[in-house]
Amino acid sequence: MAETTKTATLTIDGQAFELPIHSPTAGPDVIDIRKLYGQAGVFTYDPGFTSTASCDSTITFIDGDKGELLHRGYPIDQLASKSHYLEVCFLLLYGYLPSADELEKFENLVTRHTMIHEQMHYFFRGFRRDAHPMATMVGVVGAMSAFYHDSTDINDQHQREVASIRLIAKMPTIAAMAYKYHIGQPFVYPRNDLDYASNFLHMCFAVPAEEYQVNPILARAMDRIFTLHADHEQNASTSTVRLASSSGANPFACIAAGIACLWGPAHGGANQACLEMLREIGTVDRIPEYIARAKDKNDPFRLMGFGHRVYKNFDPRAKVMKESADEVLALLGIENNPTLQVAKELERIALEDPYFVEKKLYPNVDFYSGIILDAMGFPTSMFTPIFALARTVGWISQWKEQLADPQLKIGRPRQLYLGEASRDYVDIEKR
Ligand code: SDX
C-alpha cells in the first residue's frame, strides 16, 4: 500500500485522533481505522458494510455511479465481446492477458483436470433426487477436501496452484453431475476435445442413447455468461470465501462456503427468483400490480434482478446480457419469447417510475441471465449453480490474493452490544 500523507481527524470528547487516509488507483479514498480501537477505545459501526473496505485488491474495480466494471483494468464489455472465459480466468488469476502459448498451456491444464475422483460419484447417491443442485454442489465441493489431500496445504504455493486449477476445471463437471442426478439421467464424463463451455453443455445435455452436437451459438452464449459472472470485487460470497480463508481453512472448504452464501435470493439466487417472478407476472398487463407491490413497504416482495449495493446506474453486465438474450433468442427463433417481452416491459416501466429512479434501482446481472439459460434448456434450479461455476475463478483469485497479503490476519469483527449487563445466576427455586 502506498505511503500516505493525508489524514482524517476524529474528535471524541475534545480529544483529536489522526487517522491515515489511503488513496486508490480509482474509487474513493479510505480512512485507515486499524489503530482506532487501540488509540480511542471505540469501534466503528457498519452493519452490511455499506461504507467499509475490507481489504485492498488489484483484481476487480467497480464504479457504481458510472456503471463500470474492470477486471485487472479491462472493461467487462470488451472482455465479453473480445475474450473468452478461460482467458479471463488467466487474467483474473495472474493479472495479465496471456500470450498465445501461455493460454494454450493454461487451457490444456484445465482440460486435463476436469474429471473428478471416481469415488466421488457415490457422494451424489446419498442425496435425494429432488435436492436442489446448489445443496449438492455445496456438499460435493466441500467433500473435495476429503479427496484431494495433496492440494489442501495453503502454505504451499504449488498446492495452492493445483487446488486453483482443480476447482476451476472440476466445477462444470460437478454442476453438470448435480443436474444429471437431479433429473435421473446418467452422468456424462467430460471430453478433452471440447472447449470449456461446450464441455459443460455436453455434460448437461448429452445422453448415452445418441450423439449430442453442441450448438455453437449456445456455447458462445454460455461462455459469455461465464465471463460476465467471473468476479465482482468484495460481494457477499467473495467476502465469505475471504473470511473462511483467513482462519487457514483449506481451499475446498472456503469455496463451499462461498457457494452456500451465493445461494441466497438476495445474491446469486436472484437469477432463479427473477425468472420465477417473470413467469408469475406472466403477461405485460400484470406488471403494474408487481411494481406496486415492490414499492409497498408493507410487502416484502422485491423486484428480483433489480437493485444493487454498488451499481447506482446500469449494471454493465446486464447490458451485455440483454444484448445476448436478444441475439440468442433470435438465433433460436424464439425472439417473441413472452418472458423476454415481460422482462423488457418491466424494465421500461420500472426505469420510468419515480420510486426506482430516486432509489437508483436498475436491472442487475441476474435480470436477463435466466431468460438465456431458460432458452438453453436449463431448469431454474440450475441458474445459481451456473453462477457458482463461473464465480469460482473470482473466489479463487481473491483467495490467492489474500493468502499472499503480508497483512493477512484472521477476520474477527466486533459488535455494538445491546444485551443485558452482567447479572448473577438465579436458582430455579427463586425464579
Ligand atoms: C448479485 O454485491 C455484488 O456484487 C453481488 C453481485 C455479484 O456479482 O456478486 O452483483 C450479484 O447479488 C446481484 C443482486 C441480485 N439480487 C437481487 O436482484 C435481489 C433484489 N435486489 C435487492 O434485494 C437489493 O437491491 C440488493 C440486495 C441487491 C441490494 O440491497 P441493498 O444494497 O442492501 O439496498 P437496500 O436493500 O438497502 O435497498 C435500498 C432501497 C430500499 O428502500 P428504502 O428502505 O431505502 O425505502 O431500495 C429498495 C429497498 O427497499 N430496493 C428495492 C429493490 N432493491 C432495493 N425495492 C424494490 N425492488 C428491489 N429489487
Side-chain angles (χ1 to χ4, degrees), residues 46-54 57 59-65 67-71 76 80 88 92 134 225-242 258-278 281 287 289-321 343 346-347 349-351 353-371 383-384 386-395 397-398:
D46 186 14
F49 312 119
T50 51
S51 302
T52 294
S54 60
S57 179
I59 298 171
T60 289
F61 174 72
I62 303 170
D63 183 320
D65 294 325
E68 182 181 50
L69 168 58
L70 309 176
H71 289 319
I76 189 63
V88 172
L92 289 169
M134 281 297 278
I225 286 176
F226 290 163
T227 294
L228 292 172
H229 287 83
D231 188 50
H232 212 239
E233 198 212 72
Q234 305 313 317
N235 58 82
S237 53
T238 298
S239 299
T240 300
V241 171
R242 279 181 172 259
I259 296 171
C261 176
L262 186 77
W263 194 359
H267 190 13
N271 51 18
Q272 172 174 349
C274 180
L275 194 80
E276 288 166 354
M277 174 193 74
L278 292 171
I281 294 172
I287 290 174
E289 171 195 339
Y290 284 83
I291 294 274
R293 285 188 56 195
K295 293 156 58 175
D296 179 355
K297 280 286 158 242
N298 300 317
D299 188 331
F301 172 80
R302 286 194 166 180
L303 278 188
M304 303 316 284
F306 257 80
H308 199 277
R309 170 62 56 75
V310 178
Y311 289 120
K312 302 309 172 190
N313 195 325
F314 239 94
D315 180 335
R317 302 167 298 176
K319 274 185 178 172
V320 177
M321 202 74 82
L346 175 59
E347 175 191 342
I349 295 173
L351 295 185
D353 185 294
Y355 173 92
F356 292 88
V357 172
E358 70 191 36
K359 291 183 188 297
K360 298 184 178 179
L361 302 174
Y362 289 85
N364 58 49
V365 68
D366 295 307
F367 190 65
Y368 284 104
S369 56
I371 291 165
F383 291 5
T384 309
I386 288 168
F387 193 152
L389 181 173
R391 183 54 57 87
T392 296
V393 66
W395 291 330
S397 303
Q398 303 267 353

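Position 1 is the first residue of the sequence, and the numbers go up from there. Ligands are counted one by one from 1 in listed order, and the atoms in each one are counted from 1 as well.
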If you take the nearest heavy atom of each of [options], which one is closest to [atom]?
{"atom": "atom 41 (C) of ligand 1", "options": "Lys360, Arg302, Gln234", "value": "Arg302"}
{"atom": "atom 58 (N) of ligand 1", "options": "Leu303, Asn271, Thr50, Asp315", "value": "Leu303"}
{"atom": "atom 56 (N) of ligand 1", "options": "Phe306, Tyr362, Tyr355", "value": "Tyr355"}

With a 3.5 Å distance limit and no angle check, can you tell me whether [X] reaches the backbone of [Y] through a side-chain donor-acceptor pair?
{"X": "Asn364", "Y": "Gly307", "result": "yes"}
{"X": "Thr384", "Y": "Trp263", "result": "no"}
{"X": "Arg309", "Y": "Gly48", "result": "yes"}
{"X": "His267", "Y": "Ser237", "result": "yes"}
{"X": "Asp46", "Y": "Thr52", "result": "yes"}
{"X": "Asp63", "Y": "Glu68", "result": "no"}
{"X": "Thr392", "Y": "Ala388", "result": "yes"}

Mind checking whether [X] has a heavy atom under 4.0 Å from ligand 1?
{"X": "Asp366", "answer": "yes"}
{"X": "Ala273", "answer": "no"}
{"X": "Arg317", "answer": "yes"}
{"X": "Lys295", "answer": "no"}

Among all the protein's non-hydrogen atoms, which is closest to [atom], and how far away is it?
{"atom": "atom 17 (C) of ligand 1", "answer": "Ala270 CB, 3.5 Å"}
{"atom": "atom 14 (C) of ligand 1", "answer": "Asn364 ND2, 3.6 Å"}
{"atom": "atom 57 (C) of ligand 1", "answer": "Ala294 O, 3.7 Å"}
{"atom": "atom 10 (O) of ligand 1", "answer": "His308 NE2, 2.6 Å"}
{"atom": "atom 51 (N) of ligand 1", "answer": "Leu361 CD1, 3.8 Å"}
{"atom": "atom 45 (O) of ligand 1", "answer": "Lys359 NZ, 3.5 Å"}
{"atom": "atom 4 (O) of ligand 1", "answer": "His232 ND1, 2.6 Å"}
{"atom": "atom 12 (O) of ligand 1", "answer": "His267 ND1, 2.9 Å"}

* To do: Look at atom NZ of Lys295 and say whether more than 12 heavy atoms of other residues, nucleotides or ligands are closer to it than 6.0 Å.
  =>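 Yes - once you tally the heavy atoms of other residues, nucleotides and ligands closer than 6.0 Å, there are more than 12.
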* Asked: Do ligand 1 and Ala266 have nitrogen or oxygen atoms that lie under 3.5 Å from each other?
  ->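 By distance alone, the answer is yes.
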* atom 26 (C) of ligand 1 touched by protein heavy atom at under 4.0 Å ->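 So atom 26 (C) of ligand 1 lacks protein heavy-atom neighbours under 4.0 Å.
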* Asked: Any protein heavy atom under 4.0 Å from atom 37 (O) of ligand 1?
  ->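 So far as the 4.0 Å threshold goes, atom 37 (O) of ligand 1 is out of reach of every protein heavy atom.
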Near [X], which atoms of ligand 1 are under 4.0 Å from a heavy atom of that residue?
{"X": "Arg391", "result": "7 (C), 8 (O), 9 (O)"}
{"X": "Asn235", "result": "2 (O), 3 (C), 4 (O), 5 (C), 9 (O)"}
{"X": "Met304", "result": "18 (O), 19 (C)"}
{"X": "Arg309", "result": "29 (C), 31 (P), 32 (O), 33 (O)"}
{"X": "Gly305", "result": "17 (C), 18 (O)"}
{"X": "Lys297", "result": "42 (O), 43 (P), 44 (O), 46 (O), 50 (O)"}

Are the side chains of [Y] and [X] in contact, using a 4.5 Å heavy-atom criterion?
{"X": "Ser397", "Y": "His71", "result": "no"}
{"X": "Leu346", "Y": "Met277", "result": "yes"}
{"X": "Phe301", "Y": "Asp296", "result": "no"}
{"X": "Ile386", "Y": "Phe226", "result": "yes"}

* Asked: Do Ser369 and Asn271 get their side chains close enough for a donor-acceptor pair, meaning under 3.5 Å?
  -> no
* What part of Thr238 sits under 4.0 Å from ligand 1 if we count only heavy atoms: the side chain, the backbone, both or neither? ->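 The answer is neither; Thr238 stays 4.0 Å or more away.
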* Report the part of His229 in contact with ligand 1, treating N, CA, C, O as backbone and CB onward as side chain, heavy atoms under 4.0 Å; options are side chain, backbone, both, neither. => neither
* To do: Please work out which of the three classes, parallel, tilted or perpendicular, describes the rings of His232 and Tyr311, given edges at 30° and 60°.
  =>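 Ring orientation, 0 to 90° scale: tilted.
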* **Positive for ring-ring contact (aromatic ring centres under 6.0 Å, His included) with Tyr362, one of Phe314, Phe306, Phe356** =>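 Going through the options one by one, the only one that passes is Phe314.
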